S.K.: 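Would you mind keeping the following structure in view while I ask a few things?
Bear in mind the structure is a predicted one, so any value in this text is a computation, not a measurement.
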Amino acid sequence: RLPGPVVLVFMAGLAIGSWWLAQRERDRAELDARVPDATPAYYLRGAVLEQTDATGRVELRVTADRAVQDPATRNVRLETLRVDYFLATPPRTWVMTAAAGTLPPEGRVVLLSGDVRLQGSEAGRLEQATIRTERLRFEVDRSLAVTDDPVRIELAPHAITGRGLEADLKADRVQLESEVNGRFTP
């Protein structure tokens, strides 16, 4: 039989040890909650992502040097990308390039940033306008390219600048929102 004070000291030590272990575990859980896992869900080099319409026709092809999915948001971050948007009627291809981009998980929007260029190509058409800006949001379902940033539209040797753009790619209509300035020389 152990004397009462020894049992009391042993029980106090056991209680303090249990409390200390519980605190360590709680602190570790708080730290884990604050520091997200930086490991991507997946990453690809030389990535080619295609999206088809209801008939199986490729309507969107995204090519990137690198694609990394963020596991927390499920967004796919893209580096050095090209987006080809194929219209069936009228037959036309719109090409967008940028230094970086993001594909949100629903896949119906492409966000482009850094030296963004948008150019349409149509068979038999020699001159092509190039739209330049720093950020562009492309809404696939609406065939709409939108930005609030400064924009430059080049149709050699002419150029128009402005702020904000809404380009309906299906209707082949581009609208600058404000601060429009341009010069066309004969």
S.K.: So which atom in V151 and which in T147 form the shortest heavy-atom distance, rounded to 0.1 Å?
M.R.: CG2-CG2, 3.6 Å
S.K.: Please check: side-chain N/O of T63 versus main-chain N/O of V48, any donor-acceptor pairing under 3.5 Å?
M.R.: no
S.K.: Treat each ILVMFWY residue as a node, draw an edge where side-chain heavy atoms are under 4.5 Å apart, and state whether L49 and M96 are in one component.
M.R.: yes
S.K.: R57 and L87: which non-hydrogen atoms are nearest, and at how many Å?
M.R.: NH1-C, 4.3 Å
S.K.: Hey, mind stepping through V83 and V95 against side-chain contact (heavy atoms from CB on, under 4.5 Å) and telling me if it holds?
M.R.: CA-CA 6 Å; V83 177; V95 177; over 6 Å; no
S.K.: For the residue pair A47 and L44, what are the closest heavy atoms and their distance?
M.R.: CB-CB, 3.8 Å
S.K.: Should we say atom CG of D149 is surrounded by more than 12 heavy atoms from elsewhere, each under 6.0 Å from it?
M.R.: yes
S.K.: With a 4.5 Å heavy-atom cut-off, do L103 and V110 have their side chains touching?
M.R.: yes
S.K.: Do you know which of R142, R173, R137 makes salt bridge (charged side-chain N to carboxylate O under 4.0 Å, His left out) with E166?
M.R.: R173
S.K.: Test side-chain contact (heavy atoms from CB on, under 4.5 Å) on L118 and L169 and set out the steps.
M.R.: CA-CA 10 Å; L118 168 63; L169 305 184; 4.2 Å; yes
S.K.: For the residue pair Q175 and E177, establish whether any side-chain heavy-atom pair is separated by less than 4.5 Å.
M.R.: yes
S.K.: Quick one: closest heavy-atom pair of A67 and L78, and the distance?
M.R.: CB-CD2, 3.6 Å
S.K.: What verdict does the side-chain contact (heavy atoms from CB on, under 4.5 Å) test give for R45 and V68, after you've listed the backbone C-alpha separation in whole Å, the side-chain angles of each residue and the deciding distance to 0.1 Å?
M.R.: CA-CA 9 Å; R45 293 190 186 279; V68 178; over 6 Å; no
S.K.: Let me see the working for Q119 and R117 under side-chain hydrogen bond (donor to acceptor under 3.5 Å, both in side chains), right down to the final yes or no.
M.R.: CA-CA 7 Å; Q119 187 172 46; R117 296 176 190 208; over 6 Å; no
S.K.: With no hydrogens and no angle check, is any side-chain donor or acceptor of W94 less than 3.5 Å from a backbone partner on D84?
M.R.: no
S.K.: side-chain contact (heavy atoms from CB on, under 4.5 Å), that's the test. Do D148 and L165 meet it? Break it down for me.
M.R.: CA-CA 6 Å; D148 292 327; L165 168 100; over 6 Å; no
S.K.: Are L60 and L144 connected in a single hydrophobic cluster, I mean Ile/Leu/Val/Met/Phe/Trp/Tyr linked by side-chain heavy atoms less than 4.5 Å apart?
M.R.: no
S.K.: Answer yes when R152 and E154 have at least one side-chain N-carboxylate O distance shorter than 4.0 Å, and no when they do not.
M.R.: yes
S.K.: Give the minimum heavy-atom separation between L111 and P104, together with the two atoms involved.
M.R.: CD1-CG, 4.5 Å
S.K.: Output yes when R108 and E59 qualify as a salt bridge under the 4.0 Å nitrogen-oxygen rule, no when they do not.
M.R.: yes
S.K.: Atom CZ of residue position R74 - does it have more than 12 heavy atoms of other residues, nucleotides or ligands inside 6.0 Å?
M.R.: no
S.K.: How far does CZ of R132 sit from OG1 of T161, to the nearest 0.5 angstrom?
M.R.: 13.5 Å
S.K.: Provide the closest heavy-atom pair for F138 versus L112 in the form atom of the first, atom of the second, distance.
M.R.: CB-CD1, 4.5 Å
S.K.: Do K170 and D172 meet the salt-bridge criterion of a basic N to acidic O distance under 4.0 Å?
M.R.: no
S.K.: Please check if I153 and V146 belong to a single hydrophobic cluster, counting links between Ile, Leu, Val, Met, Phe, Trp and Tyr side chain heavy atoms closer than 4.5 Å.
M.R.: no
S.K.: So V116 and R135, do their side chains get closer than 4.5 Å, heavy atoms only?
M.R.: no
S.K.: Mark yes or no for whether T93, through its side chain, and F86, through its backbone, hold a donor-acceptor pair below 3.5 Å.
M.R.: no
